[in-house]
Peer 1: 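First the structure, which I've put down as structure tokens, then a few questions once you've had a look.
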Amino acid sequence: AETFACSFDAEVTGDHGDPDHVNVVTAIVDDGDGNTAEGDDDATVGFAASFGGLTGHLWVDEDGNGVQDPGEPDLPGVDVVIVDEDGTEYRVTSDPDGNWSQTVALGTANLAVDPATVPTGYHLTTANDTQAVAVPVGGTASEPIGYQPEPASVAGTVWVDLDDDLTRTAPEPPLEG
């Protein structure tokens, strides 16, 4: 039995049932010396995936420990910009559960959170809002990203309200200490 090798490029496009859907690919198989397979010759052609999944999750890291603990809320409405191995750029937005996903070319994908879409006063706790992620064959790469709101502060003057009118007027002195 002779061994034949087959190589070709084909792009399968469209959704099943669409008029432009490609569901048959024709390959010419040869043995490397220019002899093509004929009639009753068997040839097996395998296909390798060229795309994989990239997913992520954003949440409000209330305690700032870099881990989503029970009760910490998800962070919806934040944009993630992804550039895949082929240089194609995608923009996805986290859903109400803080999740996002995108199908991308296999290889390394670079992703970055768009800081303009992060709530004002929040800072990163997971040190990975910009990162390179390996997208595996037949699998999904996943990256959680946490943000913590800045602590609130209160400023003002405390005084002795001598006339109990809740307004500081002379000669009401500041309260010491």
Side-chain angles (χ1 to χ4, degrees), residues 8-25 46-159 161 165-168 174-175 177:
F8 61 93
D9 290 320
E11 181 178 349
V12 179
T13 60
D15 293 325
H16 181 70
D18 285 349
D20 62 346
H21 177 72
V22 175
N23 58 8
V24 175
V25 175
F47 292 92
S50 60
F51 291 89
L54 186 58
T55 66
H57 180 74
L58 291 105
W59 83 98
V60 178
D61 192 1
E62 292 174 333
D63 60 6
N65 69 352
V67 176
Q68 188 172 16
D69 300 308
E72 289 184 326
D74 302 315
L75 187 56
V78 175
D79 287 356
V80 178
V81 179
I82 303 162
V83 179
D84 70 11
E85 182 77 16
D86 293 340
T88 303
E89 183 175 303
Y90 305 91
R91 178 178 288 266
V92 294
T93 304
S94 59
D95 66 17
D97 297 322
N99 299 317
W100 58 267
S101 66
Q102 180 65 50
T103 300
V104 298
L106 295 178
T108 301
N110 293 297
L111 64 92
V113 172
D114 179 350
T117 64
V118 175
T120 302
Y122 280 52
H123 67 272
L124 183 68
T125 62
T126 53
N128 64 346
D129 70 330
T130 300
Q131 56 190 299
V133 179
V135 179
V137 175
T140 300
S142 180
E143 293 298 326
I145 300 173
Y147 281 90
Q148 182 181 33
E150 294 292 334
S153 63
V154 177
T157 302
V158 179
W159 74 96
D161 191 6
D165 68 353
L166 303 178
T167 303
R168 185 174 184 205
L175 186 63

Peer 1: Could you give me the CA-CA distance, side-chain angles and deciding distance for Leu111 and Ile145, then say whether side chain to side chain contact (heavy atoms under 4.5 Å, CB included) is met?
Peer 2: CA-CA 11 Å; Leu111 64 92; Ile145 300 173; 4.3 Å; yes
Peer 1: Minimum heavy-atom separation for Trp59 and Glu72, please, with both atom names.
Peer 2: NE1-OE1, 3.3 Å
Peer 1: Looking at residues at least two apart in the chain, or sitting in another chain, which of them share a side-chain contact (heavy atoms from CB on, under 4.5 Å) with Thr88?
Peer 2: Asp84, Asp86, Tyr90
Peer 1: Restricting to side-chain contact (heavy atoms from CB on, under 4.5 Å), what partner residues turn up for Val60, sequence neighbours left out?
Peer 2: Glu62, Pro73, Leu75, Tyr122, Pro149
Peer 1: How close do Leu166 and Asp161 get, counting heavy atoms only, and between which atoms?
Peer 2: N-OD2, 2.7 Å
Peer 1: Go through the structure and list residues passing side-chain contact (heavy atoms from CB on, under 4.5 Å) with Arg168, not counting sequence neighbours.
Peer 2: Thr157, Trp159, Glu172, Pro174
Peer 1: For a side chain to side chain contact (heavy atoms under 4.5 Å, CB included) check, start with the C-alpha distance between Tyr147 and Val118, then their side-chain angles and the critical distance, and finish with the verdict.
Peer 2: CA-CA 8 Å; Tyr147 281 90; Val118 175; 3.8 Å; yes
Peer 1: Excluding sequence neighbours, so at least two apart, what forms side chain to side chain donor-acceptor pair (under 3.5 Å) with Thr125?
Peer 2: Asp61
Peer 1: Please enumerate all residues that pass salt bridge (charged side-chain N to carboxylate O under 4.0 Å, His left out) together with Asp63, with sequence neighbours excluded.
Peer 2: none
Peer 1: Show me the pairs that pass salt bridge (Lys or Arg N to Asp or Glu O under 4.0 Å) and involve residues 104-121, at least two apart or across chains.
Peer 2: Arg91-Asp114
Peer 1: With side chain to side chain contact (heavy atoms under 4.5 Å, CB included) as the test, would you mind laying out the steps for Thr93 and Val78 before giving the verdict?
Peer 2: CA-CA 5 Å; Thr93 304; Val78 175; over 6 Å; no
Peer 1: Taking all atoms of both residues into account, what is the closest heavy-atom pair of Pro76 and Asp74, and its distance?
Peer 2: CD-O, 3.4 Å
Peer 1: Would you please name every residue forming a side chain to side chain donor-acceptor pair (under 3.5 Å) with Asp165, sequence neighbours left out?
Peer 2: none
Peer 1: Looking at every non-hydrogen atom in both residues, tell me the closest pair between Gly146 and Leu124 and how far apart they are.
Peer 2: O-CD1, 3.4 Å
Peer 1: Are side-chain heavy atoms of Glu89 and Val81 found at a separation under 4.5 Å?
Peer 2: yes
Peer 1: Tell me, please, which residues at least two apart from Leu175 pass side-chain contact (heavy atoms from CB on, under 4.5 Å).
Peer 2: Val158, Val160
Peer 1: Which heavy atom of Thr126 sits nearest to which heavy atom of Pro144, and what is that distance?
Peer 2: OG1-O, 4.1 Å
Peer 1: Provide the full list of side-chain hydrogen bond (donor to acceptor under 3.5 Å, both in side chains) pairs with a residue in residues 96-111, sequence neighbours left out, each pair given once.
Peer 2: His57-Asn99
